[in-house]
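In the text below, chain A, chain B and the rest are named by the order of the sequence lines, each starting its count at 1.
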Protein chains: 2
Amino acid sequence: MKLLEERIKKDGQVLEGDVLKINSFLNHQVDPKLMMEIGQEFARLFKDSDITKVLTCEASGIAPSIMAAYTLNVPMVFARKKKPSTLNDAVYLADVFSYTKKVNNKICVEKKFLSSTDKVLILDDFVAHGEAVKGMVSIAQQAGAKIVGVGAVVAKDFQGGSDWIKKQGLRFEALANIASFEGGEVHFVGEE
Amino acid sequence: MKLLEERIKKDGQVLEGDVLKINSFLNHQVDPKLMMEIGQEFARLFKDSDITKVLTCEASGIAPSIMAAYTLNVPMVFARKKKPSTLNDAVYLADVFSYTKKVNNKICVEKKFLSSTDKVLILDDFVAHGEAVKGMVSIAQQAGAKIVGVGAVVAKDFQGGSDWIKKQGLRFEALANIASFEGGEVHFVGEE
């Protein structure tokens, strides 16, 4: 997605440890018009998949996912990182390993919001090692739902998450695919 | 907002301790069309306030706020509950007391995303005791920004948050105002 790649080049900061900081339009301050464009692009890519639910993870996945769900006209479910006090009902749980903090965290989705009749599009802001996606795939599988594919706003293709998704036989669409940060610059897959 | 009140009556669950659970369309599973209606209503209410930023708090504030920001055509900033590893720059910090967990948590906003030239609309999903709003008001004040008002998707008027906001001289708009949960039912302010 050209618009997104240009925005990453313009406003992204490459930090040590292959970290891309794009918190001026996605992770902290959010550009709503860009989120709508992103949501519409996901909806276009998966328009023939009869999606019934968009599944994402709090917090940074919510803004792009609600726009995709809006365009697809289906509900969005966001997995919670902590079980809220009002969440006393049966839940699906999955572990998500955090590479930055070197710990396993749990994510959860209340059982009544995902079922075996659902066709789920899993979306997230970043796919790097793919840990959050692995957790969401597990949750969708526990529900017996069909996963129609996985979408990332940004994928760091060299960190293994994209490969893991494809190895599961799942369709994977990233709107911006980063090949490397060589020389402290963002290089996209397929770029000259 | 009639549409929202009807939805709360239809899908909300009243739990012990004056807790309203509306996680089938707002806090966990999210109805994107309703979020757009809510965002448009906030935009309509504050249309003459020359808003430059919408400020909310992760995670449940994001969906309604991104729709308000989309309609107002301004950026949204969501306060983080944990300082992310990529957030090394100067931040505004505020305490938020959690009544359910009886602890103070910090929220933070990177300084470059709020300044004294901003006119800020603070939005959140729920205003009960108003603790998250107090934290966001503090952050906007630390930035020297003008707060044009506070909006809540749902206010529990009897728990003090609404009063606190008005006592600060701030405009407060709640799209659904709950007066009580007498008899385990939701009663809105002004309802027969």
Side-chain angles (χ1 to χ4, degrees), chain A residues 13 15-17 19-25 27-36 39 53-82 84-89 91 98-101 108-110 112-114 126, chain B residues 13 15-17 19-25 27-36 39 53-82 84-89 91 98-101 108-110 112-114 126:
Chain A
Q13 285 174 265
L15 306 182
E16 256 180 76
V19 170
L20 174 67
K21 185 173 173 180
I22 48 176
N23 75 356
S24 65
F25 61 91
N27 299 117
H28 186 18
Q29 178 168 265
V30 188
D31 177 339
K33 298 282 174 192
L34 180 64
M35 292 306 111
M36 184 59 96
K53 289 224 170 139
V54 173
L55 175 64
T56 191
C57 199
E58 67 177 354
S60 299
I62 296 175
S65 298
I66 194 75
M67 294 311 197
Y70 178 79
T71 310
L72 290 161
N73 199 18
V74 298
M76 176 194 76
V77 175
F78 65 90
R80 313 282 320 218
K81 285 181 179 166
K82 279 185 189 168
S85 57
T86 54
L87 223 175
N88 301 315
D89 297 326
V91 294
S98 164
Y99 274 85
T100 39
K101 289 162 200 150
C108 68
V109 169
E110 202 167 316
K112 70 177 171 200
F113 297 132
L114 278 181
F126 268 95
Chain B
Q13 286 174 264
L15 306 182
E16 256 180 78
V19 170
L20 174 66
K21 185 173 174 179
I22 48 176
N23 75 356
S24 65
F25 61 92
N27 298 119
H28 186 19
Q29 176 168 266
V30 188
D31 177 339
K33 298 281 174 193
L34 180 65
M35 292 305 112
M36 183 60 95
K53 290 225 168 136
V54 172
L55 176 63
T56 190
C57 200
E58 64 178 356
S60 300
I62 294 175
S65 298
I66 194 75
M67 295 311 198
Y70 178 79
T71 310
L72 289 161
N73 199 18
V74 299
M76 175 195 76
V77 175
F78 64 90
R80 312 285 317 219
K81 286 182 178 167
K82 278 186 188 165
S85 58
T86 55
L87 223 175
N88 301 313
D89 297 326
V91 294
S98 164
Y99 274 85
T100 36
K101 289 163 201 150
C108 69
V109 169
E110 203 168 314
K112 69 177 171 199
F113 296 131
L114 279 181
F126 267 95

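In this view, A:K112 and A:E110 satisfy the salt bridge (Lys or Arg N to Asp or Glu O under 4.0 Å) rule, not counting sequence neighbours.
For A:M35, the part sitting under 4.5 Å from any heavy atom of chain B is the side chain, from C-beta outward, and nothing else. With a threshold of 4.5 angstrom between heavy atoms, A:V54 does not approach chain B through any atom at all. Of the two parts of A:Q13, only the side chain, counted from C-beta on, holds a non-hydrogen atom closer than 4.5 Å to a non-hydrogen atom of chain B.
By number of non-hydrogen pairs under 4.5 angstrom with chain A, the leading residue of B:K53, B:K33, B:M36 is B:K33.
Closest approach of B:N27 to A:R80, counting heavy atoms only: O-NH1, 2.7 Å.
Of the possible donor and acceptor atoms, none in the side chain of A:H28 sits under 3.5 Å from a partner among the backbone N and O of B:A79.
Counting only heavy atoms from C-beta outward, the side chains of A:F25 and B:P75 never approach each other to under 4.5 Å.
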Show which side-chain atoms of residues 62-69 of chain B pair as donor or acceptor with protein atoms under 3.5 Å away, not counting sequence neighbours.
unit_1	atom_1	unit_2	atom_2	d
B:S65	OG	B:T56	OG1	3.4
B:S65	OG	B:G61	O	2.7

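A distance of 11.0 Å separates CG in B:D31 from OH in A:Y70, rounded to the nearest 0.5 Å.
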